[in-house]
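Each chain gets a letter, A, B and so on, in the order the sequences are listed, and its residues count up from 1.
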Number of protein chains: 2
Amino acid sequence: MNIIESKPDTAALDRIFAALADPTRREILRRLASGPAPVGELVEPFDISQPAVSKHLRVLADAGLVSREPRGQQRLAHLSAAPMRAASDYLAEFKAHWDARLDQLGAVLAELVSITERKEHD
Amino acid sequence: MNIIESKPDTAALDRIFAALADPTRREILRRLASGPAPVGELVEPFDISQPAVSKHLRVLADAGLVSREPRGQQRLAHLSAAPMRAASDYLAEFKAHWDARLDQLGAVLAELVSITERKEHD
DNA sequence: GATATTCATAACTTAATGGTTATATATAAG
DNA sequence: CTTATATATAACCATTAAGTTATGAATATC
């Protein structure tokens, strides 16, 4: 079986979605999108302790969403967005359904067209 | 502020991602993608109790991912995928980062910068 | 080498999650 | 009207999660 096309094992999706379910972690990811940062810098914007941020970073790293790079006495966190693709691919399976209202709209339009056509045939 | 373009409040994203973080719930959603189903039918494929499934359905409903329709003595669960769009939109912010080649390029550039800086300090 | 800085880890608390069994409620069927 | 079926809810248990404070380990600085 082709690794490239294989579906991600569900445990990986578990970790990715769980990591994304926390607003602090999403903020951290957003910050990292603009470049790597040491832990201290990631603590600043939040009203939580440094160990709390370190724990969030561990959750993100376990999900594969950040990598760590020792840099002197600090440890830079890098965004590693690749696993998000698995999450995005999962959601894409439902795209057809979240356009359902468009489908409904389509039905309404079809009905209107139908009515219009009937009128035209009067 | 335009409701249509407003970003989803973070609590909504919390619930959506958390709902998606459980493999049983993802299986339920996949089943519902092929049409509404009563609770009993959703229990069958799993080795867990009916109340457990009812609780999963409540989590999914709280996230807006399923709606319930009483139908006689059963309660049909319908997929309601619209909120997934918010999750998908969130992930889309990172698309530029999850391309593997861009990641590698980024790493290479970082390395070059690192080397350059070291040289500058010589 | 002593001290400061940066971060991780340990130990703990509280709350949330996912499961269970037992039971209640509502509708359907006899 | 009684009984069966479908589902929800309650009460409980074990595990995980998110936070805390205290402390340890590694690196930088004086």
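By the rule that hydrophobic residues join a cluster once side-chain heavy atoms approach within less than 4.5 Å of another member, A:Leu13 and B:Ile16 end up as members of one cluster.
A:Leu57 has its CG atom 14 Å from the C1' atom of D:dA18, to the nearest Å. Counting to the nearest Å, the P atom of D:dA17 and the CG atom of A:Asp14 are 11 Å from each other. Computed from coordinates, the B:Gln50 CD to D:dA10 P distance equals 14 Å when rounded to whole Å. Following rounding to the nearest Å, A:Leu20 (CG) and D:dA18 (P) show an atom-to-atom distance of 12 Å. The distance from atom CZ of A:Phe17 to atom P of D:dA17 is 17 Å, rounded to the nearest whole Å. Rounded to whole angstrom, the span from the CG atom of A:Asp47 across to the C1' atom of D:dA18 amounts to 14 Å.
Checking side-chain atoms of B:Arg68 against main-chain N and O of B:Arg58 turns up no donor-acceptor pair under 3.5 Å. Not a single donor-acceptor pair under 3.5 Å links the side chain of A:His78 to the backbone N or O of A:Glu69.
Under the salt bridge (Lys or Arg N to Asp or Glu O under 4.0 Å) criterion, A:Arg31 pairs with A:Glu41, not counting sequence neighbours.
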Checklist entry - Does the pair A:Glu27 and B:Thr10 meet the rule for a side-chain contact (heavy atoms from CB on, under 4.5 Å), with working shown? => result CA-CA 10 Å; A:Glu27 274 305 305; B:Thr10 92; over 6 Å; no
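You can see that DNA chain C meets the heavy atoms of chain B within a 4.0 Å-exclusive cut from C:dG18 to C:dA28, reading 5' to 3'.
Map A:Gln73 and A:Lys55 each onto its nearest nucleotide of DNA chain C; the residue landing nearer the 5' end is A:Gln73. When the nearest nucleotides of DNA chain D are assigned to A:Gln74 and A:Pro51 by heavy-atom distance, the more 5′-ward of the two goes with A:Pro51.
Among residue pairs with one or both ends in residues 80-93 of chain B, those qualifying as side-chain hydrogen bond (donor to acceptor under 3.5 Å, both in side chains) are A:Arg30-B:Glu93; sequence neighbours excluded.
Residue-level contact check: B:Arg71 touches neither bases nor backbone, having no heavy atom under 4.0 Å from any strand.
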